[in-house]
**Student:** 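Pasting a structure below so you can have a look.
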Amino acid sequence: QVQLKESGGGSVQAGGSLRLSCAVSEYIGSSNCMVWFRQAPGKGREGVVSIDTIGGNTYYADSVKGRFTISQDNTENTVYLQMDSLKPEDTAVYYCAASVLPIWRCAVVTDITLGDMHYWGQGTQVTVSS
């Protein structure tokens, strides 16, 4: 059973930055697709960023492109989400999730469903004030 644990959430003013971490209990490459989802109050959970952990390719939803950056550290078995130029609409609980998916599925992050993901973290709150 793969375990994921997020950290790094918090409160920040608009325009600020946060870095989220997702520690994975085993070798990152065992799940070839890792995704950061978020769930805003009263809304469904949506995929915003994904990474092909084998090839290193990254994929972003339009809403965060140019502001968020996903990366991985294979020595630490950790995936990071650097969030810059934060906006109030980025306020949400952020979850990391892992799965084995065809790369063409991993690449369309906004189409990845909750059922596609095998493992989930518990989530970390990000609050952006105006």
Side-chain angles (χ1 to χ4, degrees):
Q1 180 80 5
V2 177
Q3 295 183 333
L4 308 177
K5 183 172 178 60
E6 302 96 336
S7 60
S11 297
V12 65
Q13 289 192 325
S17 298
L18 284 173
R19 188 176 81 155
L20 306 184
S21 299
C22 175
V24 185
S25 62
E26 64 177 42
Y27 170 56
I28 283 180
S30 63
S31 297
N32 73 308
C33 182
M34 292 202 64
V35 185
W36 282 97
F37 287 80
R38 67 184 181 185
Q39 186 165 14
K43 296 190 177 180
R45 199 172 296 187
E46 61 174 358
V48 292
V49 185
S50 60
I51 186 167
D52 159 19
T53 62
I54 305 301
N57 296 307
T58 57
Y59 312 96
Y60 298 88
D62 288 344
S63 58
V64 304
K65 196 173 295 182
R67 301 188 298 119
F68 289 13
T69 304
I70 189 171
S71 61
Q72 65 185 69
D73 184 333
N74 290 347
T75 61
E76 297 290 335
N77 289 330
T78 300
V79 174
Y80 300 100
L81 182 63
Q82 177 67 40
M83 304 186 295
D84 298 318
S85 302
L86 282 162
K87 305 176 181 180
E89 51 264 44
D90 295 318
T91 295
V93 178
Y94 284 73
Y95 300 87
C96 67
S99 193
V100 177
L101 288 178
I103 292 304
W104 65 267
R105 291 292 315 281
C106 190
V108 189
V109 61
T110 52
D111 286 351
I112 297 174
T113 67
L114 305 188
D116 286 330
M117 307 310 294
H118 296 157
Y119 306 107
W120 289 87
Q122 82 288 350
T124 186
Q125 176 70 47
V126 170
T127 302
V128 185
S129 58
S130 57

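Small disclaimer: the values here were computed from a predicted structure and weren't measured.
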**Student:** Any chance you could pull the hydrophobic cluster mates of Ile28, using side-chain heavy atoms under 4.5 angstrom and chaining through other members?
**Tutor:** Val2, Leu4, Val12, Leu18, Leu20, Val24, Met34, Trp36, Val48, Val49, Ile51, Tyr60, Val64, Phe68, Ile70, Val79, Leu81, Met83, Leu86, Tyr94, Tyr119, Val126, Val128
**Student:** Using side-chain heavy atoms (C-beta onward) and a distance below 4.5 Å, is Arg38 in contact with Ser63?
**Tutor:**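 Answer yes - side chains close enough.
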**Student:** Check whether any side-chain heavy atom of Gln82 sits under 4.5 Å from a side-chain heavy atom of Ser71, and report yes or no.
**Tutor:** no
**Student:** Do we get Arg45 above Tyr95's six-membered ring, with its NZ or CZ under 6.0 Å from the centre and within 45° of the axis?
**Tutor:**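 The answer is yes; both the distance and angle limits are met.
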**Student:** If the condition is side chain to side chain contact (heavy atoms under 4.5 Å, CB included), which residues does Val108 pass it with, not counting sequence neighbours?
**Tutor:** Thr110, Asp111
**Student:** What pairs with Asp62 under salt bridge (charged side-chain N to carboxylate O under 4.0 Å, His left out), at least two apart in sequence or on another chain?
**Tutor:**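 Only Lys65 meet the salt bridge (charged side-chain N to carboxylate O under 4.0 Å, His left out) criterion with Asp62.
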**Student:** Restricting to non-hydrogen atoms, name the atom on Phe37 and the atom on Gly47 that form the minimum distance, rounded to 0.1 Å.
**Tutor:** CD2-N, 3.4 Å
**Student:** Cys33 and Ile112: which non-hydrogen atoms are nearest, and at how many Å?
**Tutor:**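 For Cys33 and Ile112, the tightest heavy-atom pair comes out as SG-CD1, 4.3 Å.
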**Student:** At their closest point, which heavy atom of Ala92 faces which heavy atom of Gln125, and how far apart are they?
**Tutor:**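 Looking at all heavy atoms of both residues, the shortest contact is O-NE2, 3.4 Å.
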**Student:** Run the numbers on Asn32 and Thr53 for side chain to side chain donor-acceptor pair (under 3.5 Å), then give the verdict.
**Tutor:** CA-CA 5 Å; Asn32 73 308; Thr53 62; over 6 Å; no
**Student:** Of all the heavy-atom pairs spanning Ser17 and Ser85, show the shortest one and how long it is.
**Tutor:**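 Shortest heavy-atom separation between Ser17 and Ser85 comes out as OG-N, 4.4 Å.
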**Student:** Flag yes if Val109 and Trp120 sit in one hydrophobic cluster, no otherwise; membership is Ile, Leu, Val, Met, Phe, Trp, Tyr, and two members link when side-chain heavy atoms are under 4.5 Å apart.
**Tutor:** yes
**Student:** Linking Ile, Leu, Val, Met, Phe, Trp and Tyr by side-chain heavy atoms under 4.5 Å, what else ends up with Tyr59?
**Tutor:**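 Listed partners: Ile103.
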**Student:** Can you check whether Ser7's main-chain N or O pairs, donor with acceptor, with Thr124's side chain at less than 3.5 Å?
**Tutor:** no
**Student:** Would a 4.5 Å heavy-atom cut-off, applied to side chains only, mark Ser50 and Cys106 as touching?
**Tutor:**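 With C-beta onward as the side chain, the pair touches.
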**Student:** Using a cut-off of 6.0 Å, state whether more than 12 heavy atoms not belonging to Gln3 lie near its atom CD.
**Tutor:**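 Check fails, neighbour count at 12 or below.
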**Student:** Taking Thr78 for the side chain and Glu76 for the main chain, is one N or O donor matched with an acceptor at less than 3.5 Å?
**Tutor:** yes
**Student:** Any chance you could pull the hydrophobic cluster mates of Trp104, using side-chain heavy atoms under 4.5 angstrom and chaining through other members?
**Tutor:** none
**Student:** Restricting to salt bridge (charged side-chain N to carboxylate O under 4.0 Å, His left out), what partner residues turn up for Asp116, sequence neighbours left out?
**Tutor:** Arg105
**Student:** For Gly123 and Glu6, which heavy atoms make the closest approach, and how far apart are they?
**Tutor:** N-OE1, 2.9 Å
**Student:** Just by modelled atom types, is the Lys43 backbone N or O under 3.5 Å from a matching donor or acceptor in the Gln39 side chain?
**Tutor:** yes
**Student:** Is Leu114 linked to Val35 within one hydrophobic cluster, defined over Ile, Leu, Val, Met, Phe, Trp and Tyr using a side-chain heavy-atom separation of less than 4.5 Å?
**Tutor:**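 Cluster IDs for Leu114 and Val35 match.
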**Student:** Is atom CD of Gln122 surrounded by more than 12 heavy atoms (other residues, nucleotides or ligands) closer than 6.0 Å?
**Tutor:**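 Yes.
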